[in-house]
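The structure appears below as structure tokens.
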2 protein chains.
Amino acid sequence: MATIKDIAKKAGVSASVVSRALNNKYGVNEKTRAKIIQIAREMEYYPNVLARSLVTRKTETIGVVIADISEPFYSQIIKGMYTVADRVGYTLLFSNSYESLEKTNVLHKMVDSERVDGLVIIGSNIRETDFILNLLKERIPFVLIERNLEDPAVNCIWVENKEGAYQATNYLIKKGHTRIAHISGTQDIQVAIDRLAGYKEALADAKIPFNPEFVRTGYFLHEGGYRAAKELLQMTPRPTAIFAGNDTMAYGALQAISEFGLAIPDEIAVIGFDDLEFSGLTNPPLTTIRQPRFEMGKKAISILLRLLPGEEEASGVKAVFPTQLVVRRSV
Amino acid sequence: MATIKDIAKKAGVSASVVSRALNNKYGVNEKTRAKIIQIAREMEYYPNVLARSLVTRKTETIGVVIADISEPFYSQIIKGMYTVADRVGYTLLFSNSYESLEKTNVLHKMVDSERVDGLVIIGSNIRETDFILNLLKERIPFVLIERNLEDPAVNCIWVENKEGAYQATNYLIKKGHTRIAHISGTQDIQVAIDRLAGYKEALADAKIPFNPEFVRTGYFLHEGGYRAAKELLQMTPRPTAIFAGNDTMAYGALQAISEFGLAIPDEIAVIGFDDLEFSGLTNPPLTTIRQPRFEMGKKAISILLRLLPGEEEASGVKAVFPTQLVVRRSV
DNA sequence: TTGAAAGCGTTACCAG
DNA sequence: CTGGTAACGCTTTCAA
């Protein structure tokens, strides 16, 4: 592996000149620079990023903290993040937190060990608020996705969950449904709380009494949605429509309903939330609320990139994306 | 950020002793060691991995080269890789090659710049063979997934594609089908070639004449499967069964068939390959050939970990996994 | 425009 | 068992 010294020797100059030449800095004779660049190419020189980062204190790497990188929900967010990061030569480093942020040593592994310049945190739950606020104190640049923290200094990206849920429920109401159930996510996640709130509000606005029995938790999981739907189907009178808090749970509901032998949407309607890639392929294709995940991913990196120079931003960016009703055939 | 020197000063010893103490090396008085560890904890010391890697020449990071990290096919492989890597404290660094390996600067970005100790390469195509063989010359530890290179020195992990395809086709034959079509992947990928071969062999063994018209390329894409199926459906006589080269294309075929108004499996049967998470949820649930993707991911990292100490392995590991027929309701 | 020297934080070698 | 010194490859500062 060729180093800067090798090039310096061959070019008959000092290492400092080589460094400046290769980094397009001022104060290098154009001829010398050209010669150095030429030699570097010949020797197939690539800078050792470790050595560079050690002195510059910048890694050009962004840490991404995520519950589970293999969840289909995240795929478009990830793609969006790469789109922006690749363009500016930044690297993304993932940390699957699986359980909670506290338990994982993400901070030490990524930040304290100086591997990343900043963090994107996706989908934290409300018990992790202290952890996040602490990041602020430590002056670590970071942005949150799927979360809106009150603190004005925190950069947040999220969708209008309450409005989207309202939209979904209202669509069901417009279609004539009054016995509308909701399969919710775990209530320690802001997103789940907001969607439940939107559901309730739509009901209230339509003067449909809220029936707590019609709300079941599906933990944002396929299996959970399946089980919740099963319970719902056994009630009398049973709901004629289900608003699932995300598509994954809606898939489970679809499955439960089909096993139960009911026709969708004639006997029972289902609407989801997210619009995963697969939702156009379910049986029947799932009507749902789309979130612009790709755009959210792009936005996260854009914001972070602006933060990285280190100048304290007076206040954080709050980027709220609108949701969109995607009509298919399950309602 | 506390450094080793800060600790040394506080403990009244030299930096070298601190380093040894913290790395559990021999030659440190137990009392001194305990004291140092205590102080390190108090000061919330975390080693700067860049500085460490610079001298040890090891990053404890594995580069993963993959076409598109957000493809659902890869999710379980990735999860498997993390399972093993996390256990030993290794980091995974992804590079989406999107197009071809040559075009991407993966080698320079990851290897030449000394960011990774080794590479896992997933799903390369046959035009990239030279590139891969070159890795061998450069003595870069690497393992291939979804590829079987003849060269005995290359570590390869793959499934029995030909056998799996044979199994799929044969299952169709057993069910009484004789007009069996195949939607294949692009033929510059070994996997696609092997599956086509398995299909042909099953046909031959059953003395069913091979009809080239019954083979269409779907490029391993959903849209491609959809289009290929449409063409197939317009033939007379049309096939009574389709073996899709992967599940994604099978989804497209399912969609095309349902739009065409044919009943599955009564009027036309469909079988896929891969067994993606979603395949139990299609309409009807997709009969397919499972590959143990999670296990393959685990295996890749295990092999690489054994390679990393640097001792030349006499010969590469060839890990072939069996496929398994998953019977659902599309056949 | 150039170069010598210092330094980033760590580990490794060698003497004591 | 301990500590001083050099080294990893690079950037940066300061003088020439």
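Because the structure is a prediction, the values reported are computed rather than measured. Chain identifiers are assigned alphabetically (A, B, ...) following the order of the sequence lines, protein sequences preceding nucleic acid strands; residue numbering begins at 1 within each chain.
Contacts of A/Val13 with the nucleic acid, taken as non-hydrogen atoms under 4.0 Å apart, involve only primed sugar atoms and P, OP1 or OP2. Nucleic acid contact for B/Arg57: sugar-phosphate only, since backbone atoms but no base atoms lie under 4.0 Å from a heavy atom of the residue. Note on A/Thr32: only backbone sugar-phosphate atoms sit closer than 4.0 angstrom, heavy atoms only; bases stay farther off. Among the protein residues, A/Tyr26 comes within range of no part of the nucleic acid, since none of its heavy atoms lies under 4.0 Å from any strand.
At whole-Å resolution of the value, CE in B/Met43 and P in C/dG9 are 13 Å apart. Rounded to whole Å, atom C1' of C/dT10 lies 13 Å from atom CG of B/Asp6. Separating the NZ atom of A/Lys35 from the C1' atom of C/dT1 is a distance of 14 Å, rounded to the nearest angstrom.
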Give the C-alpha distance, both sets of side-chain angles, the deciding distance and a yes or no for side-chain hydrogen bond (donor to acceptor under 3.5 Å, both in side chains) between A/Arg147 and A/Thr129.
-> CA-CA 10 Å; A/Arg147 189 80 194 274; A/Thr129 306; 2.9 Å; yes
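Contact between the side-chain N/O atoms of B/Lys25 and the OP1/OP2 oxygens of C/dA12 is found at a separation under 4.0 Å. For B/Arg52 and C/dT11, the shortest distance from a side-chain N or O to OP1 or OP2 is below 4.0 Å. Put simply, B/Asn23 has a side-chain N or O that comes within less than 4.0 Å of OP1 or OP2 on C/dT11.
Judged by closest nucleotide on DNA chain C, A/Ser16 is the one of B/Ala15 and A/Ser16 placed further toward the 5' end. Each of B/Glu30 and A/Ser19 lies near DNA chain D, and the nucleotide nearest B/Glu30 is the one positioned closer to the 5' end.
Between the A/Ser53 side chain and the A/Lys58 main chain, a donor and an acceptor come within less than 3.5 Å of each other. No donor-acceptor pair under 3.5 Å is formed between the side chain of B/Asp112 and the backbone N or O of A/Tyr45. Side-chain atoms of A/Thr83 come within 3.5 Å of backbone N or O of A/Lys79 as a donor-acceptor pair. Looking at B/Thr32, its side chain never comes within 3.5 Å of a backbone N or O of B/Val28 through a donor-acceptor pair. Here the side chain of B/Asp117 pairs a donor or acceptor atom with the backbone of B/Glu60 at under 3.5 angstrom. Proximity of a side-chain donor or acceptor of A/Glu138 to a complementary backbone N or O of A/Leu135 within less than 3.5 Å is not detected.
Below the 3.5 angstrom threshold, one finds no donor paired with an acceptor across the side chain of B/Thr56 and the base of C/dA12.
Interface limits on DNA chain D: the 5'-most and 3'-most nucleotides within less than 4.0 Å of chain B heavy atoms are D/dC1 to D/dG9.
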